[in-house]
Amino acid sequence: MRADRASAVSPSSSGSLLEALGTIVGRRNVLTNPRATSRFRKGFRFGDGPALAVVRPGSLVEMWRVLNACAQAGKIVLMQAANTGLTGGSTPDGDTYDREIVIISTMRIAKIHLIKNGEQVVCLPGATLYQLEDMLNPIGRNPHSVIGSSCIGASVFGGVCNNSGGALIHRGPAFTQMTLYARIDEDRSVHLVNHLGIRLGSDPEAILRKVEAGDFQPADVEDDPSRHCSDHDYREHVRKIDESTPARFNADPRRLFESAGSAGKIMILAVRLDTFPKEKREAVFYIGTNDADELAEIRRHILGEFRNLPIEGEYLHREAFDIAEQYGKDTVLSILYLGTKRLPTLFALRGWFDAFCSRFSFLPKNPSDWIMHLSARLVPRYLPKRLYEYRDRFEHHLMLKMAEDGIEEARTYLANIFPSAQGACFECTPKEGEKAFLLRFAAAGAAIRYRAVHPRTVSDIVALDVALPRNETKWREHLPSEVESKLLHKLYYGHFFCQVFHQDYIVKKGFDTMEVEHAMWKILDTRGAEYPAEHNVGHLYHAKDPLVDHYHSLDPSNSFNPGIGHTSKKANWK
């Protein structure tokens, strides 16, 4: 379904485009002042660059019209939801583009529709994971993802675009084959593709109005046995512990399908996703050991022999424990006492405060980080006593969450192997389990906070997410001395049963961060690892051939997010 050329705006200059965009979304939703656009142009960890404008449409029809105006003006379109990506994939990458950039922020369009009695949902562009979780909770269902390894406030679309997530072992990465999206064809015309499996008619704007309003009946919702709304066979896939390939990684061709793995190379307007029954009983087992091989054996036994897969199995190294405990303290306390629902407002206020303070050269960079860090230091030890005891005794920490019949299965197995010569285990109280997983979550932002408050000693962060082969048992990394000597800290944490690890290296002042990162890549290549595993290539990694082919097929004119994965930034992929 192509846009109607006769009714579309056809601006001939940047000025007339801005005027047209203001007509579509209202002038107050077209931001051009660099201070106003800063929080959209700068990534959570990486990425920054100029943009002609940030446009904030308030409906799917406005999104569609904005896209048509930008396409006909020959501008680059950069789609952005919550801007919580870790590799700069939803922000500009410097100023080396051949066209001006228009960032389209989708967070004003955050509706979710339940379908099939809540067994599936249709999510719109600004919907967040905890918004979805809140909607499903009253009906006893769970979304695909929960708070995992990266960011609070992450959008549903961000996970699908990046094939990210996977903390929940039996659900795998975010994935769907049922999407409503717009693409820009070779001749810069805009084409609407309805693969939602919902009968909505043929007129683009009528389709978009119906989807946004939920104006469709159960009889309009169709099932296609050849298409799925989650990674339906991941349970069996992750159990194949003797396979020489990783369980999941961004360039895996089996999970690249239209919106899935698209990395912003199309405009996604709605996705259809599965939901999952909420577990009635859960238990968390906290395992500590000084023997990495012991954890490897636990992983292989549980995946190979258990009848019930764990819900989660999260790893945390002692050094990551220490940095997260100190530099992620405010994150843990905020979630505990404010709840996730209030945190987006808190982060928005922090962004506004930092932008305001940037006007004054005598103030430190990112002053909110300093304030939050110093305030948190006033709070005494906040983790349960047994977690601190295990931190002192053990180098490696594994949080194992089981449900239903799996609880007794894990209880029996762990009682038979612990205490061992190198390790021990205890079953958490609900509060202990909650705080253990929050500490693991806080590890991801802790390196960023450390960098912010130690500018005199830190050059930057090398942040890698790595997938090891399923048959790899020597999972622990050992760095050569020439690399080790350039680092202040190494933070290892991750999804242990999938063997997906997040590895944050805090580089000493005076050393070249990119040189360190490239050295890390060589080490990973010798180990047969795939990277990135779940945060996607962004502007840090080189996209491998399956990803590049996927991007070409989705965006033949290279109008969306050019340069992603170090591909061409030029029009038509020149």
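With rounding to the nearest 0.5 Å, the separation of CD1 in I407 from CD in E427 is 7.5 Å. For the atom pair CG (L400) and CD1 (I298), the distance works out to 8.5 Å, reported to the nearest 0.5 Å. To the nearest 0.5 Å, atom CD of residue E205 and atom CG of residue L208 are 7.0 Å apart. A distance of 13.5 Å separates CG in L464 from CZ in F501, rounded to the nearest 0.5 Å. Of the inter-residue distances, the one linking H237 atom NE2 with H232 atom NE2 reads 12.0 Å to the nearest 0.5 angstrom. In this structure, the separation between NZ on K474 and CG on L468 is 13.5 Å, given to the nearest 0.5 Å.
Although no hydrogens or angles enter the test, the distance criterion places no donor-acceptor pair under 3.5 Å between the side chain of E212 and the main chain of S59. A distance-only check finds a donor-acceptor pair linking the side chain of H113 to the backbone of V211 [under 3.5 Å]. The backbone N or O of A467 sits nowhere less than 3.5 Å from a side-chain atom of E530 that would complete a donor-acceptor pair.
With sequence neighbours excluded, the residues satisfying side-chain hydrogen bond (donor to acceptor under 3.5 Å, both in side chains) with S226 are D224. Evaluation of the side-chain hydrogen bond (donor to acceptor under 3.5 Å, both in side chains) rule for Y551 yields no partner, not counting sequence neighbours. Listed by chain and number, the residues in a side-chain hydrogen bond (donor to acceptor under 3.5 Å, both in side chains) with K265 are D555, N558 (sequence neighbours excluded). Legend: residues meeting ring-ring contact (aromatic ring centres under 6.0 Å, His included) with F285, ordered by chain and number and at least two apart, are absent. Partners of N137 under the side chain to side chain contact (heavy atoms under 4.5 Å, CB included) rule, at least two apart in sequence or in another chain, are K278. For the ring-ring contact (aromatic ring centres under 6.0 Å, His included) test, residues two or more places apart in sequence or in another chain that qualify with Y286 are Y390, H397, F426. Taking the ring-ring contact (aromatic ring centres under 6.0 Å, His included) definition, one finds that H539 meets it with nothing, sequence neighbours left out. The side-chain hydrogen bond (donor to acceptor under 3.5 Å, both in side chains) test applied to S202 returns no partner, not counting sequence neighbours. For the salt bridge (charged side-chain N to carboxylate O under 4.0 Å, His left out) test, residues two or more places apart in sequence or in another chain that qualify with D223 are K116, R272.
Each salt bridge (Lys or Arg N to Asp or Glu O under 4.0 Å) pair with one or both residues in residues 462-471, not counting sequence neighbours, would appear here, but there are none. The list of side chain to side chain donor-acceptor pair (under 3.5 Å) pairs with a residue in residues 401-410, not counting sequence neighbours, reads N308-E409, E312-K401, E408-R411, E408-T412.
Taking the charged nitrogens against the carboxylate oxygens, R254 and D233 do have a contact shorter than 4.0 Å, which makes a salt bridge. In this structure, E534 pairs ionically with R248, as a charged nitrogen and a carboxylate oxygen lie closer than 4.0 Å. Using a cutoff of 4.0 Å between basic side-chain nitrogens and carboxylate oxygens, K240 and E236 are not scored as salt-bridged.
Taking each heavy atom of A324 and A446 in turn, the nearest pair found is CA-CB, 3.8 Å. The heavy-atom pair separating I268 from C161 by the smallest distance is CD1-SG, 3.3 Å. When all heavy atoms of R39 and N83 are compared, the closest pair comes out as O-ND2, 3.0 Å. Across I184 and S557, no two heavy atoms sit closer than the pair CG2-OG, 3.6 Å. A pairwise comparison of heavy atoms in A443 and D504 identifies O-OD2, 4.4 Å as the closest pair. When all heavy atoms of G58 and I109 are compared, the closest pair comes out as C-CG1, 3.8 Å.
By the 30° and 60° cut-offs, the orientation of the rings of W475 relative to F496 is perpendicular. Using a 30° and 60° split on the angle between ring planes, H301 and F306 fall in the perpendicular class, above 60°.
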Q: Report the C-alpha separation of E314 and Y493 in whole Å, then their side-chain angles, then the decisive distance to 0.1 Å, and conclude whether the side-chain hydrogen bond (donor to acceptor under 3.5 Å, both in side chains) test is met.
A: CA-CA 7 Å; E314 293 296 292; Y493 52 98; over 6 Å; no
**Q.** Verdict with supporting geometry, V466 and V500, side-chain contact (heavy atoms from CB on, under 4.5 Å)
**A.** CA-CA 5 Å; V466 177; V500 168; over 6 Å; no
Q: Determine, stepwise, if the pair E434 / K431 fulfils salt bridge (Lys or Arg N to Asp or Glu O under 4.0 Å).
A: CA-CA 5 Å; E434 179 187 23; K431 282 292 182 184; 3.7 Å; yes
(Q) Before you tell me yes or no, could you show the steps for H396 and Y315 under side-chain hydrogen bond (donor to acceptor under 3.5 Å, both in side chains), namely the whole-Å CA-CA distance, both residues' side-chain angles and the distance that decides it to 0.1 Å? (A) CA-CA 8 Å; H396 306 289; Y315 170 76; 2.7 Å; yes
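In this structure, C123 and V156 have side chains that are in contact, with non-hydrogen atoms separated by less than 4.5 Å. You'll find the side chain of M402 stays beyond 4.5 Å of the side chain of I311, heavy atoms only. Within the 4.5 Å cutoff, no side-chain heavy atoms of F560 are placed close to those of I76. The side-chain heavy atoms of P125 and M63, taken from C-beta on, include a pair separated by under 4.5 Å. Side-chain contact between Q80 and F40 is present, with at least one heavy-atom pair separated by less than 4.5 Å. Looking only at side-chain heavy atoms (C-beta outward), F157 and T106 stay at 4.5 Å or farther from each other. Within the 4.5 Å cutoff, no side-chain heavy atoms of I103 are placed close to those of T91. Looking only at side-chain heavy atoms (C-beta outward), V271 and Y181 stay at 4.5 Å or farther from each other.
A side-chain hydrogen bond (donor to acceptor under 3.5 Å, both in side chains) with D274 is found for exactly one of Q120, H228, H144, namely Q120. Remark: of the listed residues N250, L547, N162, L547 is the sole one forming a side chain to side chain contact (heavy atoms under 4.5 Å, CB included) with V537.
For NZ of K435, the number of neighbouring non-hydrogen atoms (other residues, nucleotides, ligands) closer than 6.0 Å is greater than 12. For R307, the CZ atom counts as loosely surrounded, since its 6.0 Å shell holds 12 or fewer non-hydrogen atoms of other residues, nucleotides or ligands.
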Which donor-acceptor pairs under 3.5 Å do the side chains of residues 255-263 make with protein atoms, sequence neighbours left out?
from	atom 1	to	atom 2	distance (Å)
R255	NE	D231	OD2	2.4
R255	NH1	A247	O	3.4
R255	NH1	D252	OD2	2.8
R255	NH2	D231	OD2	3.2
R255	NH2	A247	O	3.3
E258	OE1	H195	ND1	3.1
E258	OE2	H195	ND1	2.7
S259	OG	T179	OG1	2.7
S262	OG	S259	O	2.8

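Using a 3.5 Å distance cut-off with no hydrogens or angles, the side chains of Y541 and H566 do not pair a donor with an acceptor.
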